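Below you'll find the structure, written out as structure tokens, and then a few comments.
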Amino acid sequence: MNTYGLGYTHEQRYGLITSLSIHSLIFIIFFAISLHKDGDVKTFYIQFTQIGEETVQAPQPAKEMKRPRATEPERKVVREEIPVIKDTPVEVHEAVIRDNAIETPDVVKVASAPEPAPQPQAIHRQSGESTASNVAFASSGTSAIIETEFGSTGAPAFVNRQMPVYPTMAKKLGKQGRVVLRLHINEKGRLLNIEVVEPGGYGFTESAMEAVKMSTFSPAHEKGVSVASKALLSIRFILKRV
Amino acid sequence: MEWLHAAVDYGIIGLLICMSIIAVALALERHLVYKNIRLGDFEDKKSLEIELTKKLHIIATIGSNAPYIGLLGTVLGIMLTFYTIGKEGMIDTSKIMTGLALALKATAIGLVVAIPSIVFYNFLLRKVKVLIAQWEIGNGRKRI
């Protein structure tokens with residue numbers, strides 16, 4: 001009790017051990033509570049969807065729209081330039097590859113004639129696409145760049161896919177969203193540029209772009225040759241309750 | 001500025017946790033000492049007082065300084081958040097708010113450390129006074 005030296009007395013040892021155990025107990029309780037809370041909190045799923053898939057999910061009046069997915073993306077690519085063409089199902093498109101500029105106005109003329117009931121979604125997207133198609137027209141002279149979208153054959157693919165972070169505020173507010181980006185990928189698979197075709201709001205766009213910048217890609221293929229491409233990528237942010 | 005982030009997250013909070021462990025350990029040790037002390041062993045009132053008040057100042061120091069250290073952590077955290085906003089432009093409101101909220105946790109931990117320390121200190125100080133008074137009663141105030 002009266003030791004003034006460096007040796008630990010019984011009381012000091014007791015105090016230190018008890019203090020440490022109290023603190024670790026508090027920590028354990030704290031972590032247990034936070035882990036327990038995580039269990040019933042909303043978990044989120046971020047989906048990478050192809051644009052073609054999107055139309056399947058959208059409310060469609062005609063049943064024959066649900067064809068095998070393989071044909072879907074190609075049909076959709078054309079629609080993406082000329083939104084009105086959307087519901088004419090019988091088209092066979094190589095319009096994806098833009099070799100000359102004459103081809104596209106031609107399609108526009110055809111497209112404007114058989115206009116079925118315009119879908120609200122098509123109108124919604126038109127604003128984003130009008131600018132996007134302008135870019136496409138401008139670059140059509142270079143001829144080597146193909147326009148495609150993720151998931152279709154010959155399109156660029158992810159080598160290392162970085163998942164976007166769900167923005168915290170959007171998660172708290174329960175907001176979902178979709179971001180459509182157009183990635184310019186050169187023939188070596190390098191990402192050159194990102195265009196925002198459809199912004200998502202609530203930080204979705206930033207998060208998606210952040211993830212895309214960190215991902216790596218393989219280049220698009222056309223007849224077995226790697227080519228530069230502009231590929232549409234749709235990223236959906238979806239909340240699901242577990 | 002990455003080092004500042006690490007300093008706030010690990011340095012300040014680690015320091016506060018160390019302080020908390022020391023304060024609680026000392027308080028328990030003092031409590032045991034006061035419980036087992038034999039007042040008859042002490043001839044002089046001053047030597048009893050020295051023995052009783054030993055290490056109490058450490059608890060008092062921790063109690064009074066923990067909020068300041070926590071506040072320092074908060075100020076550094078807010079500095080860091082504003083620096084990030086300034087550098088990257090207005091990015092995402094949620095990011096800013098999260099940064100500010102996390103900066104405040106340093107103050108919260110500082111207060112959590114300080115409150116029990118002050119309570120322990122006052123409790124122990126009262127015990128010291130009681131023990132000295134008991135010694136005085138026992139020795140009939142003859143050797144003061």
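Order of the sequence lines fixes the chain letters, A, B, ..., with proteins taken first and strands second; residue numbering starts at 1 for each chain. Atoms considered below: every heavy atom in the structure, side chains included; atoms not considered: hydrogens, waters and symmetry mates. Note that the structure is predicted; figures quoted are calculated from it, not measured.
In this structure Lys127(B) satisfies the salt bridge (charged side-chain N to carboxylate O under 4.0 Å, His left out) test with no other residue, sequence neighbours excluded.
Close approach to chain A, defined as a heavy atom under 4.5 Å from one of its heavy atoms, is seen in Ile17(B), Ser20(B), Ile21(B), Val24(B), Ala25(B), Leu28(B) of residues 11-28 of chain B, taken by number. Listed by sequence position, Tyr14(A), Gly15(A), Leu16(A), Thr18(A), Ser19(A), Leu20(A), Ile22(A), His23(A) are the residues of residues 14-23 of chain A in contact with chain B, using a 4.5 angstrom heavy-atom cutoff.
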Identify all side-chain donor-acceptor contacts of residues 65-79 of chain B below 3.5 Å with residues at least two apart in sequence or on another chain.
{"from": "Asn65(B)", "atom 1": "ND2", "to": "Thr61(B)", "atom 2": "O", "distance (Å)": "3.3"}
{"from": "Thr74(B)", "atom 1": "OG1", "to": "Gly70(B)", "atom 2": "O", "distance (Å)": "3.3"}
{"from": "Thr74(B)", "atom 1": "OG1", "to": "Ala103(B)", "atom 2": "O", "distance (Å)": "2.9"}
{"from": "Thr74(B)", "atom 1": "OG1", "to": "Thr107(B)", "atom 2": "N", "distance (Å)": "3.3"}
{"from": "Thr74(B)", "atom 1": "OG1", "to": "Thr107(B)", "atom 2": "OG1", "distance (Å)": "2.4"}

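When each of Lys55(B), Glu29(B), His31(B), Arg30(B) is scored by its heavy-atom pairs under 4.5 Å with chain A, the top score falls to Glu29(B).
Atoms CG and NE2, on Asn36(B) and His10(A) in that order, are 7.5 Å from each other to the nearest 0.5 Å.
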